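Below: one structure, written as structure tokens.
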Number of protein chains: 2
Amino acid sequence: MGTDKKEHIINTAIELFAVKGFEGTSIRDLAAAAGVNIAMINYYFGSKEKLFESMVEEKAAYTRIELTEIMSNTSLNAAGKIDRIVEGFVERLFRNRHFHRVIHQELMLGDRQAMQDMIVNILYPNSQLIKQILLDGIASGEFNKVDVELTVATLIGTINYLLQSKKFCLKILDETETYVPYEDEEFKTRVKTHLKAVLHIHLVHQPK
Amino acid sequence: MGTDKKEHIINTAIELFAVKGFEGTSIRDLAAAAGVNIAMINYYFGSKEKLFESMVEEKAAYTRIELTEIMSNTSLNAAGKIDRIVEGFVERLFRNRHFHRVIHQELMLGDRQAMQDMIVNILYPNSQLIKQILLDGIASGEFNKVDVELTVATLIGTINYLLQSKKFCLKILDETETYVPYEDEEFKTRVKTHLKAVLHIHLVHQPK
DNA sequence: TGAAACTAAACAAACGTTTAATTAAAACAC
DNA sequence: GTGTTTTAATTAAACGTTTGTTTAGTTTCA
């Protein structure tokens with residue numbers, strides 16, 4: 001039936017877009033990879049652009065969850081929330097790295113206003129959530145008066161940098177081509193540990 | 001004559017690629033924007049792909065300079081070198097943000113092996129240079145034994161995050177569309193101050 | 001006069017999309 | 001349940017554009 005096949009096309013599209021880009025992927029490539037007729041993509045989604053929008057709509061909601069509940073967890077202090085945020089972000093972004101790469105490709109481009117706005121509206125709540133935790137921590141006196149916007153940039157930017165290109169990531173890690181860091185628990189732990197260390201000392205160290 | 005016009009085409013290409021992407025920019029768009037005949041691009045560069053490679057070759061060397069001399073400056077201690085690195089990177093990446101965005105777009109994509117390798121070989125020396133300063137600082141006892149590779153990721157990743165999309169950057173800064181942060185000295189200073197603060201306390205604070 | 005710079009036009013191939021026809025599934029009457 | 005009608009799903013083929021590239025001819029200037 002329709003729905004599963006639509007989702008199959010979307011998942012195939014994410015894989016292809018992540019590797020070849022949106023413009024670089026023809027609907028013939030996509031149809032062949034998904035094992036469907038060329039016309040089915042327009043039949044289901046209307047156009048290539050609308051397929052992209054459907055893809056974003058479908059995956060965005062799924063990706064957004066589980067963060068707000070950290071905020072509402074009153075048993076955690078601000079530093080504890082930051083730790084949970086770091087863990088949640090590394091897990092989520094590493095797992096959804098293909099989708100993440102696709103929307104960041106499109107975010108980089110200046111044309112296609114509507115798509116860009118769409119993507120900004122997906123990513124913005126994430127950064128806002130972290131910002132709010134920082135502001136709360138500062139208000140309660142638990143955190144130093146740091147530059148909250150740029151601290152958010154440091155957290156997410158570090159992860160994005162590692163996700164941007166597997167080849168480049170392997171190069172700076174001095175690893176072989178066969179190693180897949182994003183699926184290695186040890187590497188994920190390493191990233192979490194680094195980010196928690198950086199943020200913790202930046203936020204809670206009291207300068208004399 | 002030829003050379004200035006070649007460079008003019010390359011500069012126009014950077015502007016267009018940064019906004020529309022490599023695949024999204026037709027050589028007709030490019031020829032029109034540069035004010036030259038369509039055939040001139042293939043006449044000068046051979047093909048669209050070779051134009052890209054020429055662009056990278058031309059701009060890469062120019063972008064690479066001025067960093068190694070920081071390394072060789074023996075009057076600076078490790079912390080001083082990091083400060084200079086931060087200042088140099090923010091200035092350079094903000095100034096060359098269009099070129100920077102173009103090569104990061106291409107770096108994200110998995111196909112076009114040769115181009116990817118080319119770009120990795122451009123970016124790698126930068127990260128290696130920072131890494132070496134960190135290693136030297138650790139060896140001399142001036143720095144803590146931090147995760148050097150991920151500390152590099154935090155430095156460059158933070159800047160990249162801000163450069164990725166003007167629209168998104170403005171959103172997290174809560175600024176209006178007309179503001180151009182990358183050309184604002186105040187914002188550049190803000191980014192430098194944040195990065196120096198984060199790195200300094202991460203690297204030189206002695207945990208009890 | 002001859003080589004380099006430049007142009008307009010044409011090229012085949014690939015693109016996203018649409019059409020028209022066929023098959024499969026569901027809905028309905030009896 | 002069986003036969004009929006309607007709707008949805010699927011297909012191969014064709015559509016008109018746009019793509020990167022090339023050709024063949026013209027201008028420019030030393």
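Bear in mind that the values here come from a model prediction, so they are computed numbers and not experimental data.
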Summary of ring-ring contact (aromatic ring centres under 6.0 Å, His included) pairs that have at least one residue in residues 158-177 of chain A, sequence neighbours excluded = A/Y161-A/F168
query = Rounding to a whole Å, what distance do you find between A/L51:CG and C/dT17:C1'?
reply = 14 Å
task = Using the ring of B/F22 (Phe, Tyr or Trp, six-membered ring only), decide whether B/K48 places NZ or CZ under 6.0 Å from its centre and within 45 degrees of its axis.
result = yes
inquiry  = Pairing donors with acceptors under 3.5 angstrom, does anything connect the side chains of B/H100 and B/N160?
reply    = yes
ask   = Should A/Y44 be listed as having a side-chain N or O under 4.0 Å from OP1 or OP2 of D/dT10?
value = yes
request  = Calculate the interatomic distance between A/L16 atom CG and C/dG16 atom P; express it in whole Å.
outcome  = 12 Å
key: Separation of atom CG in B/D4 from atom P in C/dA5, rounded to whole Å   = 11 Å
query = Could A/K6 and A/E58 be called an ion pair, given the rule that one side-chain N must be under 4.0 Å from one carboxylate O?
reply = no
Sequence-aligned protein contact record of nucleotides 20-30 of chain D, with B where the base is within under 4.0 Å of a protein heavy atom and S where only the sugar-phosphate is = BBB--------
query = Without hydrogens or angle criteria, can the side chains of B/N11 and B/E15 be said to hold a donor-acceptor pair below 3.5 Å?
reply = no
remark   = Whole-Å distance, A/M40 CE to C/dT17 P, equals 15 Å
inquiry  = Output the rounded distance in Å from CD1 (A/I41) to P (D/dA12).
reply    = 14 Å
key: Side-chain H-bond candidate by donor/acceptor type, B/T154 with A/T158, under 3.5 Å   = yes
